[in-house]
Amino acid sequence: DSVTQNGQLSNISPDKIPWDAIQSILVEAVYGGRIDNAFDHEILRAFVKHLFREESFNSGFSLNMTLTKEHDLKSPDARKREQFLQWIEELPTKGNPTWIGLPVHAEQMLRINRANHTLARWLALQSSAAPVPKTGRGGSRRRSSALANPLIELLTRVEQMLGTLPEDVPTMDRTETSLKDPLWRCFDREMGHGKSLLSKVRADLSLLRGACEGSAKTTNEIRQLISDMNTDAVPKQWRAYAVHDTITVTEWIADFKRRLDQLQELCICANLQKYVLWFGGLFFPEAFLTATRQAIAQRKQVSLEELHLGVYVGSAEQDSDSFAVKGLTMEGATWEPKSVDGQLATTDELFVALPQTQLKWLHRDSPECKATADFLKVPVYLNTCRNLLITAFNLRQAKGLPDSTWIQRSVCLTLWTKQ
């Protein structure tokens with residue numbers, strides 16, 4: 001009311017509009033109150049701050065933040081509501097992802113995800129209602145028997161799974177010194193969890209093998225296992241850690257085998273800190289970050305709050321305060337190693353595999369930590385579903401591009417990808 005003089009003015013100057021108040025209402029109240037992810041909240045803030053400002057009244061104002069003029073969406077030169085509606089009607093029927101700040105390939109990524117989901121569902125339906133093919137006169141007795149009893153074919157799969165998985169997971173040697181090491185305790189819990197889950201999986205597969213051979217009584221549990229195997233779905237009791245939504249039981253077994261192989265390597269590793277860890281192969285990756293922070297805090301005799309995480313992508317140099325990880329993937333951007341320490345760069349690739357990365361806990365008063373104050377905070381998710389946030393990395397961004405450009409492109413890191 002103070003700007004419009006209690007409604008007496010129908011037209012006011014753009015510089016008189018309380019833009020900060022409008023932005024706060026939209027970000028914090030109207031839309032922000034429904035968002036529980038801090039990084040999604042930053043995306044909303046980036047859009048609101050770009051659109052609701054004094055410059056939006058300028059002729060030729062760009063409604064989107066794009067890196068090329070080819071995908072620039074200019075505001076219409078209009079004053080009346082009918083003119084704006086006409087401009088909206090004249091827009092192309094198929095929108096461009098760059099209109100909302102996403103990379104050009106964003107639509108392709110969505111189609112790939114939808115295709116993978118559709119294919120997984122189609123395979124599930126095909127497996128649960130597959131027609132029995134006809135056999136010729138020369139078919140072998142074993143093939144005829146398999147067609148008459150579909151459990152024989154399932155028996156082959158079960159035996160392959162049992163042959164893929166190891167018999168057991170070794171345990172780490174417990175000593176008075178090792179029990180005081182946070183990193184050792186973290187990996188010991190991983191091995192205990194892997195050992196328990198492996199025992200459950202092998203027990204279920206053994207029951208299933210007995211049912212296929214006819215030596216075990218079929219129960220409701222076994223019937224559910226047979227149904228899950230026929231639809232290539234991961235049994236509910238095996239989902240003892242977070243996995244991708246569309247993973248099949250065949251992929252899950254192969255992935256579980258890789259995780260157990262890493263645990264076996266850790267068991268015989270002389271120096272756990274020097275081991276190059278497959279970060280996404282941990283059952284509980286958040287616990288690893290906590291353990292490394294505790295280890296450095298214990299060694300330097302400082303509190304956990306005094307340590308901040310430093311990330312060095314592509315660095316092969318490892319000192320006494322750093323931990324090497326691998327298997328990271330970046331979406332929405334790429335890593336450019338040309339500069340001294342590397343930096344974020346734009347790309348049209350769907351995703352980019354990152355080289356070996358060093359994680360180092362820095363004291364908050366150190367010059368090395370203060371140098372990362374202006375870096376971009378990039379979310380780190382467990383996988384491409386982006387439904388489980390693990391942590392955030394501070395990464396150097398390219399100069400000349402505002403942070404809102406990277407935020408609107410939804411740049412993120414993922415720890416696990418399908419092989």
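In what follows, residues are counted from 1 in the order of the sequence shown.
- Heavy-atom contacts from other residues, nucleotides or ligands closer than 6.0 Å to NZ of Lys195 number more than 12.
- Counting only distance, with no hydrogens or angles, the side chain of Thr248 and the backbone of Glu251 share a donor-acceptor pair below 3.5 Å.
- Looking at Lys257, Arg259, Arg258 one by one, the single match for salt bridge (Lys or Arg N to Asp or Glu O under 4.0 Å) with Asp261 turns out to be Lys257.
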- Item | From CA spacing to verdict: side-chain contact (heavy atoms from CB on, under 4.5 Å), Lys236, Gln224 | CA-CA 10 Å; Lys236 184 179 180 180; Gln224 184 60 48; over 6 Å; no

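- A parallel orientation is assigned to the rings of Tyr241 and Trp252, their planes being inclined by less than 30° (bins at 30° and 60°).
- Between Asn37 atom CG and Ile35 atom CD1 the span is 8.5 Å, to the nearest 0.5 Å.
- Nearest heavy-atom pair across Gln264 and Pro170 is CG-CD, 3.8 Å.
- No option in Val243, Leu389, Ile390, Asn387 other than Ile390 meets the side-chain contact (heavy atoms from CB on, under 4.5 Å) test with Leu382.
- Contact check for Met191 versus Leu266: side-chain heavy atoms found under the 4.5 Å cut-off.
- Under the 3.5 Å distance criterion, the side-chain polar atoms of Gln262 are matched with a main-chain donor or acceptor of Trp278.
- For the pair Glu306 and Lys300, the salt-bridge criterion is not met [side-chain N within less than 4.0 Å of a carboxylate O].
- In terms of heavy-atom proximity, Leu51 sits nearest to Leu63 at CD2-O, 3.3 Å.
- Among all heavy-atom pairs drawn from Gly314 and Pro355, the shortest one is CA-CG, 3.5 Å.
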- Message: Pair Ile247, Trp416 - check side-chain contact (heavy atoms from CB on, under 4.5 Å), show working.
- Response: CA-CA 12 Å; Ile247 193 171; Trp416 184 95; 4.1 Å; yes

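- Contact of the Leu73 side chain with the Leu91 side chain is registered, since non-hydrogen atoms from C-beta on lie closer than 4.5 Å.
- Using a 4.5 Å cut-off on side-chain heavy atoms (C-beta onward), Arg174 and Asp188 make contact.
- Using a 4.5 Å cut-off on side-chain heavy atoms (C-beta onward), Phe187 and Leu277 make contact.
- The residue from Leu207, Leu208, Leu151 that alone fulfils the side-chain contact (heavy atoms from CB on, under 4.5 Å) condition with Val158 is Leu208.
- In this structure, Lys360 contributes its side chain and Gly310 its backbone to no donor-acceptor pair below 3.5 Å.
- Judged by distance alone, the side chain of His50 and the main-chain N or O of Ser62 form a donor-acceptor pair under 3.5 Å.
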Name every donor-acceptor pair, under 3.5 Å, that has one atom in a side chain of residues 372-380 and the other anywhere in the protein, sequence neighbours excluded.
residue, atom, partner, partner atom, Å
Thr372, OG1, Cys369, O, 2.6

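- Panel note: side chain Asn96, backbone Trp99; no donor-acceptor pair is recorded below 3.5 Å.
- Atoms CH2 and OG, on Trp87 and Ser75 in that order, are 7.5 Å from each other to the nearest 0.5 Å.
- With sequence neighbours left out, Arg79 forms a salt bridge (charged side-chain N to carboxylate O under 4.0 Å, His left out) with no residue at all.
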- Message: Under the criterion salt bridge (Lys or Arg N to Asp or Glu O under 4.0 Å), I'd like the reasoning laid out for Asp232 against Arg157: C-alpha separation, chi angles, the key distance, then a yes or no.
- Response: CA-CA 11 Å; Asp232 213 11; Arg157 289 187 62 196; 3.3 Å; yes

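- Side chains of Ser59 and Asp77: no donor on one and acceptor on the other come within 3.5 Å.
- Other residues, nucleotides and ligands place no more than 12 heavy atoms under 6.0 Å from the CD atom of Glu349.
- Taking each heavy atom of Arg185 and Ser178 in turn, the nearest pair found is CG-O, 4.5 Å.
- For Val249 against Ala233, the heavy-atom pair with the smallest separation is CB-O, 3.4 Å.
- Side-chain contact between Phe351 and Thr384 is absent, with no heavy atoms from C-beta onward closer than 4.5 Å.
- Within 6.0 Å of CZ on Phe39 lie more than 12 heavy atoms contributed by other residues, nucleotides or ligands.
- Between Leu183 and Phe323, some side-chain heavy-atom pair lies under the 4.5 Å cut-off.
- A 4.5 Å side-chain heavy-atom check between Leu344 and Trp335 finds at least one atom pair inside the cut-off.
- Side chains of Lys16 and Glu54 form no contact here, defined as non-hydrogen atoms less than 4.5 Å apart.
- Residue Asp15 places its CG atom among more than 12 non-hydrogen atoms of other residues, nucleotides or ligands, all under 6.0 Å distant.
- Partners of Arg202 according to the side chain to side chain contact (heavy atoms under 4.5 Å, CB included) rule, which considers only residues two or more places apart in sequence or in another chain, are Leu162, Leu165, Glu167, Leu198.
- The OG1 atom of Thr98 sits 13.0 Å away from the CE atom of Met65 when rounded to the nearest 0.5 Å.
- There is a side-chain donor-acceptor pair under 3.5 Å between Trp238 and Asp204.
- Summarising the geometry of Trp184 relative to Asp173, their closest heavy-atom pair is CZ2-O, 3.3 Å, with the distance given to 0.1 Å.
- Between the Gln318 side chain and the Gln358 main chain, no donor and acceptor come within less than 3.5 Å of each other.
- Screening Val411, Thr334, Leu401 for a side-chain contact (heavy atoms from CB on, under 4.5 Å) with Thr346, the sole residue that qualifies is Leu401.
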- Task: Go through the steps for Arg45 and Ile407 under the test side-chain contact (heavy atoms from CB on, under 4.5 Å), then give the verdict.
- Result: CA-CA 10 Å; Arg45 186 187 302 274; Ile407 294 174; over 6 Å; no

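- Between the NE2 atom in His244 and the CG atom in Asp255 there is a gap of 11.5 Å [rounded to 0.5 Å].
- Residue pairs meeting the side chain to side chain donor-acceptor pair (under 3.5 Å) criterion with at least one member in residues 398-414, sequence neighbours excluded, are Gln397-Asp403.
- Ile268 is linked by a side chain to side chain contact (heavy atoms under 4.5 Å, CB included) to nothing, counting only residues two or more places apart in sequence or in another chain.
- Checking side-chain atoms of Ser199 against main-chain N and O of Ser196 turns up no donor-acceptor pair under 3.5 Å.
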- May I have the step-by-step check of side-chain contact (heavy atoms from CB on, under 4.5 Å) for Glu190 and Phe288, ending in yes or no? CA-CA 10 Å; Glu190 287 280 328; Phe288 170 74; over 6 Å; no

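- Applying the side chain to side chain donor-acceptor pair (under 3.5 Å) test to every pair with at least one member in residues 288-297, sequence neighbours left out, gives these pairs: Thr292-Trp361.
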